[in-house]
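Read through the structure below, which is laid out as structure tokens, and then see the notes.
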Amino acid sequence: MSLKKSKSSRAEKVLSVAEQQQKINEVRKLIAPLSDDLPDFCSDASISRFLRARNWNSEKSSKMLKETLKWRLQYRPEMIRWEDVADEAKTGKIYRADYQDKFGRPVLVMRPGFQNTNSVKGQIQYLVYCMENAILNLPSDQEQMVWLIDFQDWTKASVSLKATRETAHVLQGYYPERLAVGILYNPSKIFEPFWKMVKPFLEQKTYKKVKFVYSDNPESQKVMLDLFDMDKLESAFGGRNQNGFDVLNFANRMKEDDKKMNALLSSGGSVLCPDQPVASAPRRSISSLSDARSEDSSEASSSSPKSGSNGKLEKEDVNGNLGCKSSDVDEPPLRIEDIQIKESI
């Protein structure tokens, strides 16, 4: 992948409510008949996220949404369960905190320095599981989450080129406009020049969501005070909560949420907004779509986390599929020219 400056760095369009609805209707027509088969992901709110990610360009938004729908049918992220990712979760490298920010948004804690596996397939599967779990726990009046990225024990060796590529591909391509704020907590000095090089290639709306916070800088700590109840925030991030990550407690929470997801899928509720049923269009439940196939899906069935004779996610020729394999071999050092960051999150 080459580093390319974002072509969408121009000012974001400001549309009236009527103009926004017109764009939403245009996208819904462009993605038909998928809008009838998967109404969860073709609601006004969902389409609006894809439109905002593409600066209200209907054709680009519909292409992005189609690729996401195809990926979901093949990868089936809503079917990943705790037992599938328990080994990846042991160190607490990613976990949903047991508190929200002051706006009621879920908080995903990410600690890249705590990486414990070499399998890109497993790492991406766990990332997707955590994203789906955070969305499952969104309150009805919110659609975004907070990422709290802890740089404790982070070094250059913590960065996998392949995992970085796939992480960017999944988050940018399949979860647009899910990020409210991204906090980089105590990033090391070696990270700062890397960020300065990457920043010009991010969309303006994306890098404005990123906040640098340092424990020894009272001014930057105001970000934490504005976002979090300090009695609930973990002491590792300047809060007064002395309880750190406990894998057993986290496992129990995730297993309960797995039951919640199972019940939701069985009842035909909305995966994107679990507090509200989907009644806007005739639907098949997500779990009943396992036999549904696009013209390419039979070739890409191995991209499901529960399928494939060799246990690997094979790279597909179709744009939009998850293209990653397990890798236990040494990788070249991460270089700035190897990364492409061009979409909004």
Side-chain angles (χ1 to χ4, degrees), residues 4-73 101 103-106 131 134-135 138-147 168-182 199-211 269-283 286 319-320 340-345:
K4 297 180 181 179
K5 191 168 183 178
S6 173
K7 296 179 181 179
S8 52
S9 57
R10 59 185 180 277
E12 184 179 3
K13 292 181 180 178
V14 178
L15 276 63
S16 67
V17 174
E19 289 172 329
Q20 291 180 26
Q21 188 61 55
Q22 181 180 355
K23 290 288 186 180
I24 290 170
N25 294 339
E26 288 176 4
V27 171
R28 185 171 285 114
K29 289 181 180 179
L30 288 170
I31 63 174
L34 288 175
S35 58
D36 293 332
D37 287 338
L38 296 170
D40 280 25
F41 305 93
C42 303
S43 64
D44 285 4
S46 181
I47 293 175
S48 178
R49 283 195 300 274
F50 284 83
L51 279 164
R52 295 198 303 272
R54 290 294 180 268
N55 204 18
W56 298 96
N57 183 303
S58 300
E59 291 187 0
K60 291 181 179 179
S61 302
S62 62
K63 179 182 178 182
M64 186 184 191
L65 181 51
K66 283 180 181 178
E67 291 172 354
T68 297
L69 296 176
K70 182 176 181 179
W71 172 75
R72 294 196 71 92
L73 282 171
D101 75 348
F103 301 94
R105 297 175 296 207
M131 288 295 295
I135 293 170
L138 283 168
S140 58
D141 62 340
Q142 294 288 351
E143 61 178 6
Q144 294 183 317
M145 64 191 74
V146 176
W147 297 348
H169 176 64
V170 169
L171 294 178
Q172 295 174 162
Y174 306 138
Y175 296 98
E177 293 297 314
R178 285 300 190 183
L179 177 64
V181 183
K199 184 177 175 180
F201 300 91
L202 293 171
E203 290 191 9
Q204 185 180 44
K205 60 191 282 187
T206 298
Y207 71 69
K208 281 187 174 181
K209 296 177 181 179
V210 177
K211 310 294 183 183
S270 171
V271 175
L272 296 185
C273 190
D275 294 332
Q276 299 176 5
V278 174
S280 60
R283 63 166 290 132
I286 297 298
N319 185 25
Q340 181 182 21
I341 303 177
K342 59 179 181 178
E343 315 298 358
S344 67
I345 300 175

Checklist outcome for this item: side-chain hydrogen bond (donor to acceptor under 3.5 Å, both in side chains) filter on Gln22, not counting sequence neighbours, yields none

Item to check | Which atom of Pro176 lies closest to which atom of Ala53, heavy atoms considered | outcome: CB-CB, 3.7 Å

Checklist entry - Okay, side chain of Ser46, backbone of Ser43: is any donor-acceptor separation there less than 3.5 Å? => result no

Checklist outcome for this item: Contacts of Leu69 meeting side-chain contact (heavy atoms from CB on, under 4.5 Å) (sequence neighbours excluded), chain-then-number -> Leu34, Leu38, Phe41, Cys42, Leu65

Item to check | Gap between atom CD1 of Ile31 and atom CD1 of Ile47 - 0.5 Å precision | outcome: 4.5 Å

Checklist entry - Between the main-chain N or O of Met64 and the side-chain N or O of Glu67, is there a donor-acceptor pair closer than 3.5 Å? => result no

Checklist entry - Roughly how far, to the nearest 0.5 Å, is NE2 of His169 from CH2 of Trp71? => result 9.0 Å

Item to check | Least distance between heavy atoms, Glu19 atom then Ser16 atom | outcome: OE1-N, 2.9 Å

Checklist entry - Can you name the nearest heavy-atom pair linking Leu138 to Pro106, along with the distance? => result CD2-CD, 3.4 Å

Checklist entry - Between Leu15 and Lys23, is any pair of side-chain heavy atoms under 4.5 Å apart? => result yes

Item to check | Over all atoms of both residues, closest heavy-atom pair of Gln142 and Phe103 | outcome: NE2-O, 3.0 Å

Item to check | Contacts of type side-chain hydrogen bond (donor to acceptor under 3.5 Å, both in side chains), residue Gln20, not counting sequence neighbours | outcome: none

Checklist outcome for this item: Closest non-hydrogen atoms of Ser61 and Arg54, given as atom of the first, atom of the second and distance, are OG-CB, 3.4 Å

Item to check | Non-neighbouring partners of Ser58 that pass side-chain hydrogen bond (donor to acceptor under 3.5 Å, both in side chains), sequence neighbours left out | outcome: Glu26

Checklist entry - Going by an N to O cut-off under 4.0 Å, is there a salt bridge joining Glu177 and Lys209? => result yes

Checklist entry - So, the side chain of Asp101 versus the backbone of Val146: is there a donor-acceptor pair under 3.5 Å, distance only? => result no

Checklist entry - Taking only residues two or more places apart in sequence or in another chain, which ones pass salt bridge (charged side-chain N to carboxylate O under 4.0 Å, His left out) with Lys66? => result none

Next on the checklist: Could you check whether any side-chain heavy atom of Lys60 comes within less than 4.5 Å of a side-chain heavy atom of Asn55, counting everything from C-beta outward?
Outcome noted: no

Item to check | Contacts of type side-chain contact (heavy atoms from CB on, under 4.5 Å), residue Lys211, not counting sequence neighbours | outcome: Val181, Val223

Item to check | Carboxylate-amine/guanidinium contact Arg49 Glu143, below 4.0 Å | outcome: yes

Next on the checklist: Between Arg52 and Ser48, is there a side-chain donor-acceptor contact under 3.5 Å, judged purely by atom types and distance?
Outcome noted: yes

Next on the checklist: Counting only heavy atoms from other residues, nucleotides and ligands, does the tally under 6.0 Å from CD of Gln21 exceed 12?
Outcome noted: yes

Checklist entry - Given the rule in the side-chain contact (heavy atoms from CB on, under 4.5 Å) test, do Asn57 and Lys13 qualify, once you have shown the distances and angles that lead to the verdict? => result CA-CA 10 Å; Asn57 183 303; Lys13 292 181 180 178; 5.8 Å; no

Checklist entry - Arg105 and Met145: which non-hydrogen atoms are nearest, and at how many Å? => result CB-CA, 4.3 Å

Checklist entry - Do Phe50 and Thr68 come close enough that some side-chain heavy atom pair is under 4.5 Å? => result yes

Next on the checklist: Using the rule given for side-chain contact (heavy atoms from CB on, under 4.5 Å), can you reason through Trp147 versus Leu171, listing the C-alpha separation, both sets of side-chain angles and the distance that settles it, and then say yes or no?
Outcome noted: CA-CA 12 Å; Trp147 297 348; Leu171 294 178; 3.6 Å; yes

Item to check | Under 3.5 Å donor-acceptor, Gln144 side chain and Arg178 backbone | outcome: no

